[in-house]
Amino acid sequence: MKIYNTLSGKKEEFEPKEAGKVSMYVCGPTVYNLIHIGNARPMIIFDTVRRYMEYKGYDVNFVSNFTDVDDKIIKKAIEEGVDPSVISERYIEECKKDMKAMNVRPATTHPKATNEIEGMIGMIEELIAKGHAYVAKDGTVYFKTRSFREYGKLSHKNLDDLRGGNRSLLVSGEEQKEDVLDFVLWKPKKDGEPYWEAPWCEGRPGWHIECSVMSKKYLGDEIDIHAGGEDLIFPHHENEIAQSEAANGKAFARYWMHNAFLNIDNRKMSKSEGNFFTVRDISEKYDLQILRFFMLSAHYRSPLNFSADLMEAAKSGYDRIVTSVSNLDYLLENAPEREPDAAERADMEAAKGYMAKFEEAMEDDFNTADAISVIFELVKFVNTKAKEQSSQTFLQAMKKEIVTLTDLCGLIVEKEAEILDEDIEKLIQERQSARKEKNFQRADEIRDELQKQGIILEDTREGVKWKRA
RNA sequence: GGCGACAUAGCCAAGGGGUAAGGCACGGGUCUGCAACACCCUUAUCAUCGGUUCAAAUCCGAUUGUCGCCUCCA
């Protein structure tokens, strides 16, 4: 299995620290609002990575945090006149709902920053003791960036370049820093803000220290994979490396994975641009499986553009897979119980080739776009081979092939059996009678009427089928 | 200004030295009362220019264009 490692800038053969086990940390959202579709990308991507790793037999310890102490949360809490925890708890719950709808499995552990303050204080003390951090007059604790020789190794930045391009940073009121590159580990409280007791002042942690501490606590000093959006490379992940490696004296993460951004109509998504969508917004119009399918249809390291048209196209593509599986289910209802014949056995063998091709795509840095194209090739194969006379065993084998692959992508393609209302059932019966009597006008009337109710009818050789729009 | 990524058919998108996967849309068929589904057929020389090579879309260089990071935004 090859993984592109941001650290080296190359695809590397994946070798976990401990055979058979994978420790993985994914930076999670700050919970001040419903998650947006940009948040959804890493969730879907790294959930898929996790699924594939588990399929390969790894025991995956998957940790993803919720950042629940932050300026934006505090701001919202003040606006609503409630405690910040009310805000963060609310959006953690909402986030979990969205994750479920996208079929993103819960992490092994979802730590919350506010539960880990003690550990953060501990790590900050250690950094001070080792000379990697210092306390300013007002109690702010800064990380001494230049004390960590390898700073810049992840983002491949040169410290002096950073400095040259950003003199303006000094204007931001942080003149008490010894160096512009230094970043905050602990900052003093302001009025009305939540705070914790610490040796330096009452205050709260900086953003970067959270992840270093939570990763260490739940996964250990050295982990296999650390992942997140590419915007986190600098400064967030660079700072995490500095903190963790300076404190622990060990390499932090062996592989760094970063997903590219999701744009909207070719522009970066932002509230001020008016092109901001929450996952919830999308769910009002589409099954979120379609959003998932859409996200996986491009490589995770390529920028992905989102638009209404592209979602429609994704819907059509996803439906093609769902239809194929539902056709199999339909055929299975009356399929003969017999041993598969020679041709069927040959096809069952041939179908396995798709699995191999799928794996090959996933092994190559999780090329889900390629992997999905394999699913379509399989769908075509199945659509061509599955017949009314096909044996149960054969049809079941075909279905299993498709479902295995889609499961690995976290895509749900099996629609749950649903009982229609009696009234609708009656209309369908009436339409069948009308068709027999060649009263097509009445038949079409009924079909139109049902369509208005979101039921689409299809007359197949074997009988009438229906599906939800 | 510094660092970096990308440029493949109408659209989306893989591939990556030996003559271009897949999906959506379009068109033509088969099936069908019609529609839908499905199946068959049809659609590109890979931004431009130069170089390396027996051979490049694939490597190198330049140009143009788009985008990202350098601000606690995934």
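All figures in this text were calculated on a predicted structure; none of them were measured in a lab. Convention: sequence-line order gives letters A, B, ...; per-chain numbering from 1.
For A:Asp407 (side chain) and A:Gly410 (main-chain N/O), no donor-acceptor pair under 3.5 Å exists by modelled atom type. In terms of modelled atom types and a separation under 3.5 Å, the side chain of A:Gln289 and the main chain of A:Ile412 share a donor-acceptor contact.
Taking the side chain of A:Pro235 as heavy atoms from C-beta on, and the options B:C72, B:G68, B:G23, the nearest nucleotide is B:C72.
B:G33 and B:C26 are spaced 26 Å apart, taking the C1' atom of each and rounding to whole Å. B:C37 and B:U45 are spaced 30 Å apart, taking the P atom of each and rounding to whole Å. Between the P atoms of B:C69 and B:C40, the separation comes to 44 Å (whole Å). Nucleotides B:A13 and B:A20 are separated by 13 Å at their C1' atoms, to the nearest Å. For the C1' atoms, the distance linking B:A9 with B:A14 amounts to 14 Å, nearest Å. As rounded to the nearest Å, B:U52 and B:C60 have P atoms that lie 16 Å from one another. Only the C1' atoms considered, B:A21 is 32 Å distant from B:A62, to the nearest whole Å.
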With sugar-phosphate taken as primed atoms, P, OP1 and OP2 and all else as base, the protein-contact string of nucleotides 30-39 of chain B at under 4.0 Å (heavy atoms; B, S, -) is ---BBBBSSS
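Here the rule is side chain to side chain donor-acceptor pair (under 3.5 Å) with A:Arg301, and of A:Asn259, A:Asn367, A:Asp365 only A:Asp365 fits it.
Within a heavy-atom distance below 4.0 Å of RNA chain B, the residues of residues 297-318 of chain A found are A:Ser297, A:Ala298, A:His299, A:Ser302, A:Leu310, A:Ala313, A:Ser316, A:Gly317. Contacts between residues 358-372 of chain A and RNA chain B, defined by a heavy-atom separation below 4.0 Å, involve A:Asn367, A:Ala369, A:Asp370, listed by number.
A:Glu377 places its CD atom 19 Å from the P atom of B:A13, with the value rounded to the nearest Å. Here the C1' atom of nucleotide B:C69 and the CG atom of A:Asn239 are 14 Å apart, to the nearest Å.
B:G23 has no stacking from A:Phe376 on its base ring, since the centres under 5.5 angstrom apart and planes within 30 degrees of parallel are not both found.
Note on A:Glu238 versus A:Lys157: no salt bridge recorded, every NZ/NE/NH1/NH2 to OD/OE distance being 4.0 Å or above. Using a 4.0 Å cut-off between a side-chain N of Lys or Arg and a carboxylate O of Asp or Glu, A:Lys97 and A:Glu94 qualify as a salt bridge. The pair A:Lys315-A:Asp319 counts as a salt bridge, with a side-chain nitrogen and a carboxylate oxygen less than 4.0 angstrom apart.
With a 6.0 Å cutoff to the six-membered ring centre and a 45° limit on the axis angle, A:Arg41 does not count as a cation-pi contact of A:Tyr300. With A:Phe66 as the aromatic partner, A:Lys112 does not meet the cation-pi criteria of under 6.0 angstrom to the ring centre and within 45 degrees of the ring axis. A cation-pi geometry, defined here as NZ or CZ lying under 6.0 Å from the six-membered ring centre and within 45° of its normal, does not hold between A:Lys75 and A:Tyr32. Both the sub-6.0 Å distance and the 45° axial angle are satisfied by A:Lys465 relative to the ring of A:Tyr330.
Residues A:Asn263 and A:Asn305 have side chains that never bring a donor and an acceptor to within less than 3.5 angstrom of each other. A:Glu12 and A:Tyr4 form no side-chain donor-acceptor contact under 3.5 Å, judged by distance and modelled atom types alone. A side-chain N or O of A:Thr140 and one of A:Asp138 form a donor-acceptor pair less than 3.5 Å apart.
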Between the protein and nucleotides 7-10 of chain B, list every N/O to N/O distance that falls short of 3.5 Å.
none

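Remark: the A:Lys72 side chain and the B:C72 base include no donor-acceptor N/O pair separated by less than 3.5 Å.
Comparing A:Pro29 and A:Lys357 along RNA chain B, the residue whose closest nucleotide (by nearest heavy atom) sits nearer the 5' end is A:Lys357.
Under the rule for a side-chain contact (heavy atoms from CB on, under 4.5 Å), the partners of A:Pro235 that lie at least two apart in sequence or sit in another chain are A:His208, A:Asn239.
Residue A:Gly38 is classed as a base contact, given a heavy-atom separation below 4.0 Å to a base. Counting any heavy atom pair closer than 4.0 Å across all strands shown, A:Lys187 reaches a base atom.
A:Lys75 has no side-chain polar atom (N or O) that falls below the 4.0 Å cut-off from OP1 or OP2 of B:C72.
Within the structure, the ring-ring contact (aromatic ring centres under 6.0 Å, His included) test picks out the following pairs touching residues 304-325 of chain A (sequence neighbours left out): A:Phe277-A:Phe306, A:Phe294-A:Phe306.
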